[in-house]
Amino acid sequence: MKTKNVFALLMIASALTIAAVVANQKARAQNTSLRPTDKKGAMSANAAGAKTNNQWYSIFVTNIPPGYRDWTLISVAREEGSLDDIRAILGNDIAAKAYREGTLPFPEGAIIARIAWSYDASQENNKTFGKAQSFVAGAPKNGVQFMVKDSKKYSETGGWGYAHFNDGKPADTSFMQSCFPCHDLVKSRDDVFTRYAP
Amino acid sequence: MKNYLVPIIAVALTISAIIIRQRAHAQNVSSQSADKTSSASAETVGVKADTPPASPEDSPVPVTEIPAGYRDWRFISVAHEEGNLHSFAAVLGNDVAIKSYRDGKLPYPDGTIIAALHYHHVPSKENNEIFGREQSFVPGDPSNIQFMIKDSKKYASTGGWGFGHFQDGKPLTDQAKIKACFNCHAKIESRDLVFTRYAP
């Protein structure tokens with residue numbers, strides 16, 4: 001009987017995990033899964049490494065939100081200087097809706113993603129145009145960043161959980177300390193720099 | 001016995017979740033042509049850039065309506081054009097386009113739509129003030145929106161692609177200018193006339 005119970009529980013856990021993963025990865029309309037309850041569930045189901053450092057998880061985002069590459073375009077930008085990249089800012093449905101409706105502060109569950117690439121002169125475009133004018137996104141650069149709104153979990157950092165991933169790995173704590181103080185300079189826009197491109 | 005009902009229900013829920021997602025996805029596809037079999041002909045139809053239209057049938061057909069919901073499409077890439085254009089381009093694709101890009105399939109099937117949202121390229125004063133240096137450039141006012149719509153029959157005279165250019169919501173209908181779109185895009189025939197590559 002006990003073995004049966006354990007088996008049943010394992011089945012439920014794996015089925016729910018699969019459901020969560022599938023729903024997240026394919027979802028365009030429902031990117032609500034990063035809400036605290038779901039995330040907690042997903043992390044305990046995935047287990048590995050989640051319990052090694054509770055403090056870390058209480059401040060920063062350490063899981064890449066699934067399906068972010070399918071999210072809605074918020075805007076693009078070019079950063080010169082040491083960053084030297086060209087970037088796109090995407091938002092999940094909650095974030096995109098808040099942007100379009102001008103809702104501030106951003107509601108719980110809003111996630112904003114920043115993807116960046118090397119700022120490359122396009123030889124093939126320039127060849128076609130007959131002049132050097134075209135710059136395009138090259139290889140991924142400067143990691144992938146996220147801001148996840150959860151005002152309870154991330155109350156220390158203005159209600160936003162910050163994330164930076166290099167090759168899928170979260171950046172170290174010292175690096176992460178710099179996110180919030182800078183973003184908090186645009187407090188009037190709920191710590192979000194990017195404006196919506198119409 | 002009861003213990004086994006729960007996992008069965010869970011699996012059933014999983015399957016229904018997948019089905020719901022796939023349906024929702026399918027609904028996002030707009031103006032997809034039913035005629036998928038003819039997509040291969042797009043390649044053979046491709047007219048050389050330096051070949052002027054010889055007969056009235058060769059007249060380019062401009063895209064005169066903005067495809068619905070394009071601003072919700074998925075992101076393909078971003079670009080900056082210097083010179084006279086001095087623009088930012090955000091390139092989005094409908095579901096058919098995104099799938100083709102990710103699968104690396106050429107030619108693009110009928111129903112593919114690629115949107116280029118163009119904005120003026122302006123420095124961000126507010127960002128630069130915070131950073132304490134000039135480094136940040138963002139989209140300013142929109143300058144125009146362009147579309148490429150794949151319909152190998154309707155747009156046979158322009159490589160199977162319909163070209164659309166909208167300024168303040170109004171379409172460009174000048175056939176010579178539409179032809180100019182095609183002539184330049186035809187230079188990249190090896191990628192089915194599409195310049196933009198997918199940003200990973």
Side-chain angles (χ1 to χ4, degrees), chain A residues 1 4-5 7-16 18-20 22-23 25-30 69-73 75-83 86-88 90 96 115 117 119 122 124-125 127-129 131-140 182 185-186 193-195 197-198, chain B residues 2-15 17-18 20-22 24-25 28 71-75 77-85 88-90 92 98 117 119 121 124 126-127 129-131 133-139 141-142 184-185 187-188 191 195-200:
Chain A
M1 194 57 192
K4 281 181 181 173
N5 280 335
F7 175 73
L9 281 170
L10 278 173
M11 283 291 286
I12 296 164
S14 50
L16 287 175
I18 292 163
V22 170
Q25 285 182 342
K26 300 219 166 176
R28 289 188 65 205
Q30 293 174 331
R69 188 59 183 75
D70 290 334
W71 291 351
T72 303
L73 175 80
S75 192
V76 296
R78 151 80 174 140
E79 298 294 334
E80 289 187 348
S82 54
L83 288 169
I86 191 161
R87 43 182 61 197
L90 310 181
I115 325 174
W117 299 271
Y119 182 71
S122 171
E124 57 187 3
N125 289 6
K127 210 176 173 188
T128 309
F129 292 137
K131 54 184 181 259
Q133 68 162 50
S134 202
F135 293 86
V136 296
C182 188
L185 295 171
V186 282
F193 283 102
T194 301
R195 292 176 183 273
Chain B
K2 269 184 186 172
N3 290 334
Y4 292 103
L5 281 175
V6 183
I8 289 164
I9 293 164
V11 170
L13 284 172
T14 309
I15 293 163
I18 293 167
I20 289 164
R21 289 275 9 106
Q22 285 176 342
H25 226 244
N28 288 330
R71 188 58 184 77
D72 291 331
W73 292 349
R74 284 180 276 180
F75 178 78
S77 193
V78 51
H80 166 53
E81 301 295 332
E82 286 188 348
N84 292 337
L85 290 169
F88 261 122
L92 308 181
I98 291 292
L117 286 58
Y119 307 88
H121 185 269
S124 171
E126 56 189 5
N127 289 4
E129 226 167 71
I130 287 166
F131 292 136
R133 56 180 180 260
E134 292 281 317
Q135 71 161 50
S136 204
F137 295 86
V138 294
D141 292 332
C184 188
H185 277 269
K187 291 179 185 174
I188 197 124
R191 289 217 305 280
F195 283 102
T196 302
R197 292 176 181 273
Y198 184 81

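Throughout, protein chains are lettered first and strands after them, A, B, ... in sequence-line order, and every chain is numbered starting at 1. Note that the structure is a prediction, hence the values are computed from the model and not measured.
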(request) Would you mind checking which part of B:Glu134 comes under 4.5 Å of any heavy atom in chain A, side chain (CB onward), backbone (N, CA, C, O), both or neither? (result) backbone
(request) Measure distances from B:Ile98 to the heavy atoms of chain A and classify the residue's part below 4.5 Å as side chain, backbone, both or neither. (result) neither
(message) Show, in sequence, the C-alpha distance, side-chain angles and deciding distance for A:Val136 and B:Arg197, and conclude whether the side chain to side chain contact (heavy atoms under 4.5 Å, CB included) test is met.
(response) CA-CA 9 Å; A:Val136 296; B:Arg197 292 176 181 273; over 6 Å; no
(request) Heavy atoms only: give me the nearest A:Pro198-B:Leu117 pair and the separation to one decimal. (result) O-CD2, 4.5 Å
(request) Quick one: pull up OG in B:Ser77 and CD1 in A:Ile86 and give me the separation to the nearest 0.5 Å. (result) 7.5 Å
(message) Quiz question: by atom type and distance under 3.5 Å, do the side chains of A:Glu79 and B:Gln135 form a donor-acceptor pair?
(response) yes
(message) With rounding to the nearest 0.5 angstrom, report the CZ to NE2 distance, A:Arg78 to B:His121.
(response) 7.5 Å
(message) Under 4.5 Å from any heavy atom of chain A, what part of B:Phe88 do you find: side chain, backbone, both or neither?
(response) side chain
(message) Tell me which of these, A:Ser75, A:Gly81, A:Ser134, has more heavy-atom pairs under 4.5 Å with chain B than the rest.
(response) A:Ser134
(request) Count the heavy-atom pairs under 4.5 Å between each of B:Phe195, B:Phe75, B:Phe131 and chain A, then report the option with the highest count. (result) B:Phe75
(message) For the OG1 atom of A:Thr72 and the CZ atom of B:Arg74, what is their distance to the nearest 0.5 Å?
(response) 10.0 Å
(message) To the nearest 0.5 Å, what is the distance between CG on A:Asn125 and OG1 on B:Thr196?
(response) 7.5 Å
(request) Mark yes when over 12 heavy atoms from residues, nucleotides or ligands other than B:Glu82 sit less than 6.0 Å from its CD; otherwise mark no. (result) yes
(request) Of all the heavy-atom pairs spanning B:Cys184 and A:Phe129, show the shortest one and how long it is. (result) SG-CE2, 4.2 Å
(message) Nearest 0.5 Å, please: how far is CD in B:Glu81 from NZ in A:Lys131?
(response) 9.5 Å
(message) I want to check something: taking the side chain as every heavy atom from C-beta on, are A:Phe193 and B:Ile130 in contact at a cut-off of under 4.5 Å?
(response) yes
(message) Just so I understand: if I count every heavy-atom pair under 4.5 Å between each of B:Gly83, B:Ser136, B:Ser124, B:Ala90 and chain A, which residue has the most?
(response) B:Ser136
